[in-house]
Amino acid sequence: MAGSAEDWAVLDGHAAEAAPRLLGSLVVHEHPVEGRVAIRLTEVEAYQGPEDPGSHAHRGRTDRNRVMFGPPGHLYVYRIYGMHDCANIVCSPEGVGAGVLLRAGDVVEGLELARSRRPGARDRDLARGPARLARALGLDRSHGGTDLRVGPVTLHLADAPAGPVRTGPRVGLRLAADYPWRFWVDGDPTVSPYRPAAPKRRRP
DNA sequence: CTACCGATATTCT
DNA sequence: GAATATCGGTAGA
């Protein structure tokens, strides 16, 4: 496993400081029968517990978010809009609920397998968006709570991102949309397109 | 490339 | 009962 103990300490502080450090890092899922897919992260978002109205952890511990209140360096997977799963890395000391959402990346190993999991998608779209990334990697809610030092899902921290890092508002949030806690590698084609939060639907 | 729209069920009030 | 850390299709510039 790459990354010294000192490197992993970055996951034990504030999510907004850990997030840019995750860019360029590798997330690997070794599936027992299907095989291995590795993704180099190009876009992430920080969600910092109680001080962040946009975080699932803002109102305290629940059944869904309890993993975020556990030890850092574990996987938090949630379902959104009733159909998609998205993966986060817990980035806070035990007892504090915070994490970093894996928004996009580049498939650097297991291209064939990733393609088979995302039929019809162009290669650069395989992991372009949080639910797409989770799907290309073969992740679902059953992987919630995975220790990323142990597997089958592992994190390999990079020394530095593959290019200059940019910062801006997060995607799809109505609450706290102005927090500049989205981080991405500037100019990378796998970074997801920006979409503002869906406006409140008119009542019938 | 951007913009809009509908599908979907889990989660929390 | 309402909201949602999204995506794929279609339309248009």
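Below, read A as the first sequence line, B as the second, and so on, with proteins coming before strands; counting in each chain starts at 1. Remember, it's a predicted structure, so these values are computed and weren't measured experimentally.
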Q.
Can you see if the side chain of A:Arg182 gets near the phosphate of C:dA5 - specifically, an N or O under 4.0 Å from OP1 or OP2?
A. no

Q. Should we say atom CZ of A:Arg61 is surrounded by more than 12 heavy atoms from elsewhere, each under 6.0 Å from it?
A. yes

To the nearest Å, give me how far apart [atom1] ([X]) and [atom2] ([N]) are.
X: A:Glu45; N: C:dT6; atom1: CD; atom2: P; value: 7 Å
X: A:Arg59; N: B:dT11; atom1: CZ; atom2: P; value: 17 Å
X: A:His84; N: B:dA7; atom1: NE2; atom2: P; value: 13 Å
X: A:Leu102; N: C:dT6; atom1: CG; atom2: C1'; value: 15 Å
X: A:Arg174; N: C:dA2; atom1: CZ; atom2: C1'; value: 11 Å
X: A:His56; N: B:dC12; atom1: NE2; atom2: C1'; value: 11 Å
X: A:Ile89; N: C:dA5; atom1: CD1; atom2: C1'; value: 15 Å
X: A:His58; N: C:dT4; atom1: NE2; atom2: C1'; value: 16 Å

Q.
Assess the residue pair A:Met68 and A:His56 against the criterion (side chain to side chain contact (heavy atoms under 4.5 Å, CB included)); give the C-alpha distance rounded to whole Å, side-chain angles, the decisive distance to 0.1 Å, and a yes or no.
A. CA-CA 9 Å; A:Met68 272 203 287; A:His56 290 168; 3.9 Å; yes

Q: Return the stems involving DNA chain C, sorted by first number, where pairs are Watson-Crick (N1-N3 with N6-O4 or O6-N4) or G-U wobble (N1-O2 and O6-N3), both under 3.5 Å, and runs are 3 or more long.
A: B:1-7 with C:6-12, B:9-12 with C:1-4

Q: Would you mind telling me which of B:dT13, C:dT6, B:dT8 lies closest to the side-chain atoms of A:Met83?
A: B:dT8

Q) Quick one: which of B:dT13, C:dC7, C:dA5 gets closest to the side chain of A:Tyr78? A) C:dA5

Q. Is the ring centre of A:Tyr81 under 5.5 Å from the base ring centre of B:dA9, and are the two planes under 30° apart, so that they stack?
A. no

Q.
Could you tell me if the side chain of A:Ile39 sits less than 4.5 Å from the side chain of A:Asp106, heavy atoms only?
A. no

Q.
When you compare the side chains of A:His29 and A:Glu34, does any donor N or O come within less than 3.5 Å of an acceptor on the partner?
A. no

Q: State whether a side-chain donor-acceptor pair under 3.5 Å links A:Ser192 with A:Glu43.
A: yes

Q: Could you pick out which residue, A:Leu175 or A:Arg132, lies toward the 5' side of DNA chain C when each is mapped onto its nearest nucleotide?
A: A:Leu175

So what does [X] touch, heavy atoms closer than 4.0 Å: a base, only the sugar-phosphate, or nothing?
X: A:Asp63; value: nothing
X: A:Arg141; value: sugar-phosphate
X: A:Arg118; value: sugar-phosphate
X: A:Arg64; value: sugar-phosphate
X: A:Gly54; value: base

Q.
Does the Lys NZ or Arg CZ of A:Arg170 fall within the cation-pi geometry relative to A:Tyr47 - under 6.0 Å from the ring centre and within 45° of the axis?
A. yes

**Q.** A:Leu75/A:Asn88 under side chain to side chain contact (heavy atoms under 4.5 Å, CB included): CA gap, chis, key distance, verdict
**A.** CA-CA 6 Å; A:Leu75 206 57; A:Asn88 300 243; over 6 Å; no

(Q) If the threshold is 4.0 Å, N to carboxylate O, is there a salt bridge linking A:Asp188 and A:Arg166? (A) no

